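Presented below is the structure to which this report refers.
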Amino acid sequence: MVILTKKFKTENLNLKEANMRFKPKIILVLILSLLLFTSVSEAALEIDRGPIYGALRKLLPFENLEFAGYLKNETSLRMAHGLDEFMKEANIAQLELEYSFNENVQFFTILKWFYDAVFELENRYDRDPQWESKTNKKLKYPEKMQWLRECYLDILTDKLDLRLGKQQVVWGTADGVRILDIVNPLDYREWTLKNYIDTRIPLWMINAEAQLMPNGQLQLLFIPDYEANYYPPAGAPFTLRTVRLGTEAMQALTQARVTTATIDEKPAHTFENTKIGLRWRSIIEGHGFEYTLNYLNTYDFASAAYTMMQGVGWVPTAFELTRRAEKIEVYGGTFSKTITEGILIPGLAKGWTLRGELAYIKGGAMNYGTDKNIAGTANVSMCNYVLGFDKSFFTNWLFSFQFIQMIAQPQSEYDKRLYTLLNGATRGPLDKIETTLTLLVSTDFMHERLKPQVLVLYGDDNDWRISPKVSYEISDQWLATAGLHIFEGKEQQLNGQFDKNDQIFLELKYTF
Amino acid sequence: MRGKIVFLIMAMLLFTGLAYADLEYHKVYKPQAGMTADQIMEIKYFNKYSLFANDYESVGDVVFMEKDGSTRNRRFLRQRIILGRASDDVSYKDLVMFTEPTSVKGLATLTWNYMNPKRDQDVWLWLPSLRKIRKVSASQANDSFMGGDFTAEEITSRRFTDETYKLIGEENFKGYTSLFDGKVYHKDEPCYVIECVPVRSPWYYSKRITYVSKNFGGNIFDEIYDPNGKLFRTIFRGWIIVDVGGNKYPAQNWVEGHDLRTEHKTIIIFDEIKFNQGLSEDIFTQKTLMRQRW
């Protein structure tokens with residue numbers, strides 16, 4: 001019976017694949033046609049916001065209501081299969097609304113909908129209706145209202161700003177890597193290829209920012225809300241190796257007639273579980289040196305996995321996986337400094353911006369074991385930091401370099417001769433110190449209309465991602481972007497796990 | 001992202017400059033007969049940055065105009081507080097927030113400018129795409145200003161000491177016909193004609209001829225010559241006089257750059273110009289940058 005089902009699925013898949021064969025190319029042609037036939041001229045000083053804005057303005061004729069938004073298509077194709085296989089075919093609509101009650105009180109919300117048709121277009125991805133992996137319409141958890149990206153009330157005064165509601169808070173100075181930027185969980189649907197602004201999962205919270213001194217501000221966060229990081233399920237284009245291995249293991253146990261159970265232990269929405277954040281930001285006068293001191297008492301958004309096997313003699317009968325969000329404390333800080341006259345001697349490093357960020361995370365837990373195999377769970381503290389160096393050369397070529405280290409410090413005993421800590425994303429062996437280098441080079445042409453850039457990430461153990469892209473501002477409202485994501489490395493490494501996911505992507509965005 | 005950073009630095013620099021030690025803050029100066037080229041240029045720089053006022057506010061449009069006439073726009077709100085405060089060396093603070101189109105909506109910059117001409121500005125950017133404040137260094141002087149037809153120093157960072165000056169004549173300005181709206185501006189404005197030679201050599205220009213109004217001390221027109229002595233770019237600046245409690249404040253309301261080689265133009269238009277609104281210094285902090293939502 002199982003064999004027959006598999007055969008049917010295979011035939012069905014081949015038929016579908018044949019039907020799909022030319023569709024990616026059709027989409028490419030359509031996008032290019034849109035670009036070619038899009039109007040590029042608009043009347044100066046009359047910033048025409050287009051028919052959508054006009055229609056919304058008629059529909060919502062409130063004087064104190066301001067809105068904006070965009071429609072966007074994001075298409076990506078796997079390079080390994082002659083560009084005939086979609087990895088993403090997402091259409092996105094976002095609407096942002098701001099209502100001013102008066103100068104000091106304003107309401108703001110962002111509504112966002114998307115649908116990724118890749119699961120319909122390609123049979124290689126799991127056809128199971130995992131709605132959360134292709135749309136923000138979380139059928140299983142409708143109360144999460146993921147279409148409501150942000151929703152808050154601002155109460156603004158000279159000395160104190162209050163932001164009450166669903167929001168994202170960003171700490172830190174690093175680009176493209178999260179050291180202190182851990183107030184909000186993250187959506188790993190597309191790994192870390194998208195801007196964090198689109199992948200942070202907003203939380204309900206109270207955010208108070210007080211101006212205590214002309215050069216000093218204190219931020220207090222009270223966060224009763226909790227959401228875990230989102231990891232795409234097995235079968236999605238960017239399923240993490242650890243998720244895939246876990247799913248395969250559970251399926252193997254089920255086939256072996258072992259009873260399996262998965263328990264998610266998340267903090268309840270109670271007052272005692274309210275997360276607290278503090279940030280002091282200040283500038284040292286006369287030196288242009290800016291720093292922050294940060295403290296966060298929260299629950300880890302990446303759950304630690306605890307496993308338990310029961311059996312009769314040597315025969316396993318039941319397996320239980322518990323995913324627990326550990327309570328953690330984060331101590332950290334940042335600095336940034338622009339070199340205006342030189343270091344040590346006049347002119348040395350002039351024009352550079354130096355920045356850094358450090359986070360010591362206490363109370364976390366990680367799995368240990370061997371590649372693919374979890375032997376147990378250890379308490380681990382992490383010390384992560386980044387040093388960044390930015391400078392423009394040849395007038396408008398920006399070079400931004402970052403040196404990042406993540407140091408894992410086990411706080412509980414395990415047999416280190418047999419096991420290592422395991423990478424939470426790949427379940428591969430984790431070095432005690434993981435080093436990553438990043439380089440971003442960007443510039444512009446045609447009066448800042450054409451903007452190419454390339455981002456290179458290198459992890460020790462020869463793990464790479466190279467992401468060149470170019471964006472072109474067709475008009476005030478239309479923006480086109482094309483680029484590549486190239487992954488290289490071993491499957492145990494962060495980028496290497498997606499070695500077969502090299503892709504070309506195209507984006508077309510209409511703003512109003 | 002780099003483009004946005006440069007764009008913001010440029011936008012911020014639009015509203016920044018350097019104070020001139022010999023002139024007292026919050027007073028209005030006009031060129032007088034018999035002044036030297038240096039004295040006239042000091043007043044010109046003082047007026048350019050509105051150091052005669054307590055605060056300043058305007059809405060502006062930056063228009064990029066291609067050879068074929070098609071345009072792209074940027075709209076911003078600008079606020080400035082002029083302090084001239086010796087205790088912490090702060091000359092003035094600027095806040096620029098972009099409001100349209102949606103692609104740049106929410107971008108904002110905060111700049112603190114110092115009285116010591118050797119001290120660089122402190123510049124912070126709010127990048128909506130990152131939701132974070134970034135401390136940056138000011139752009140290089142010969143970098144393009146916001147991708148337009150000016151360099152950064154032409155709009156913002158050029159200092160009095162960056163050039164040497166020679167008064168080469170006095171004449172009525174023949175008027176400037178805008179390539180944007182076709183209107184003629186400042187026709188028959190009596191001007192000093194001053195030759196400005198950069199101290200730095202080699203540099204992207206060998207000299208410029210500038211026309212400074214005798215009536216209000218603002219420069220109206222620049223002819224800019226390349227290192228081979230060939231005219232390659234012009235910059236026109238339109239001025240209006242704003243009556244503030246009986247004080248006559250000169251204010252730039254139009255800047256038009258024209259690259260003669262590419263025929264590309266960039267026009268900056270200032271509207272709703274207001275002085276002395278009683279802006280609080282508390283506005284000019286990072287907290288305000290973080291209020292940006294878009």
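By convention in this document, chain letters (A, B, ...) are assigned in the order of the sequence lines, proteins followed by strands, and residues within each chain are numbered from 1. Note that the coordinates shown come from a computational prediction; the quantities given were computed from them, not determined experimentally.
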Subject >> Charged N-O contact under 4.0 Å between R449(A) and E66(B) >> reply: yes
Original post:
Within the side chain of R134(B), is there an N or O that forms a donor-acceptor pair under 3.5 Å with the backbone of T173(A)?
Top reply: yes
Subject >> Non-hydrogen side-chain atoms of V170(A) and L130(B) separated by less than 4.5 Å >> reply: no
**OP:** Can you see which heavy atom on R74(B) is nearest to which on D476(A), and at what distance?
**Re:** NH1-OD1, 3.8 Å
Original post:
Does the side chain of S280(B) reach to within under 4.5 Å of the side chain of D158(A), using non-hydrogen atoms?
Top reply: yes
Original post:
Q286(B), E100(B), E281(B): which one forms the most heavy-atom pairs within less than 4.5 Å of chain A?
Top reply: Q286(B)
**OP:** Return the option, out of I197(A), D198(A), D181(A), T511(A), with the maximum number of heavy-atom pairs under 4.5 Å with chain B.
**Re:** I197(A)
Original post:
In terms of heavy-atom proximity below 4.5 Å to chain B, should F67(A) be classed as side chain, backbone, both, or neither?
Top reply: backbone
Subject >> Proximal component of Y53(A), with respect to chain B [non-hydrogen, under 4.5 Å] >> reply: neither
Subject >> CD-CD1 distance between E290(A) and I133(B), expressed to the nearest 0.5 angstrom >> reply: 7.0 Å
Original post:
Can you tell me how far the OG1 atom of T353(A) sits from the NZ atom of K135(B), to the nearest 0.5 Å?
Top reply: 7.5 Å
**OP:** State, yes or no, whether a side-chain contact exists between R49(A) and T102(B) at a heavy-atom distance under 4.5 Å.
**Re:** yes
Original post:
Taking C-beta and beyond as the side chain, do K105(B) and E66(A) meet within less than 4.5 Å on heavy atoms?
Top reply: yes
**OP:** Give, for atom CZ of R131(B) and atom CG of N195(A), the distance between the pair rounded to the nearest 0.5 Å.
**Re:** 11.5 Å
Original post:
Should the heavy atoms of other residues, nucleotides or ligands under 6.0 Å from CZ of R200(B) be counted, would the total exceed 12?
Top reply: no
Original post:
Taking C-beta and beyond as the side chain, do Q106(A) and R293(B) meet within less than 4.5 Å on heavy atoms?
Top reply: yes
Subject >> Which of L156(A), I283(A), V169(A) touches chain B most, by non-hydrogen pairs under 4.5 Å >> reply: L156(A)
**OP:** Please flag which part of L455(A) lies under 4.5 Å from any non-hydrogen atom of chain B: side chain, backbone, both or neither.
**Re:** neither
**OP:** Could you have a look at D390(A), N215(A), V441(A) and say which one has the most heavy-atom pairs with chain B under 4.5 angstrom?
**Re:** N215(A)
Original post:
For atom NZ of K183(B), is the number of surrounding heavy atoms from other residues, nucleotides or ligands below 6.0 Å larger than 12?
Top reply: no
Original post:
Is a side-chain donor or acceptor of K159(A) paired with a backbone partner of D282(B) at a separation under 3.5 angstrom?
Top reply: no
**OP:** Supply the atom-to-atom distance H447(A) NE2 to M65(B) CE, rounded to the nearest 0.5 angstrom.
**Re:** 13.0 Å
Subject >> Main-chain N/O of A174(A) paired to K132(B) side chain as donor or acceptor, under 3.5 Å >> reply: yes
**OP:** Can you tell which part of Q217(A) gets under 4.5 Å to a heavy atom of chain B, answering side chain, backbone, both or neither?
**Re:** side chain
**OP:** Calculate, to the nearest 0.5 Å, the distance between atoms CD and OG1 belonging to Q211(A) and T285(B) respectively.
**Re:** 4.0 Å
**OP:** Under 4.5 Å heavy-atom distance to chain B, tell me which part of E98(A) shows up: side chain, backbone, both or neither.
**Re:** both
**OP:** Please flag which part of T292(A) lies under 4.5 Å from any non-hydrogen atom of chain B: side chain, backbone, both or neither.
**Re:** neither
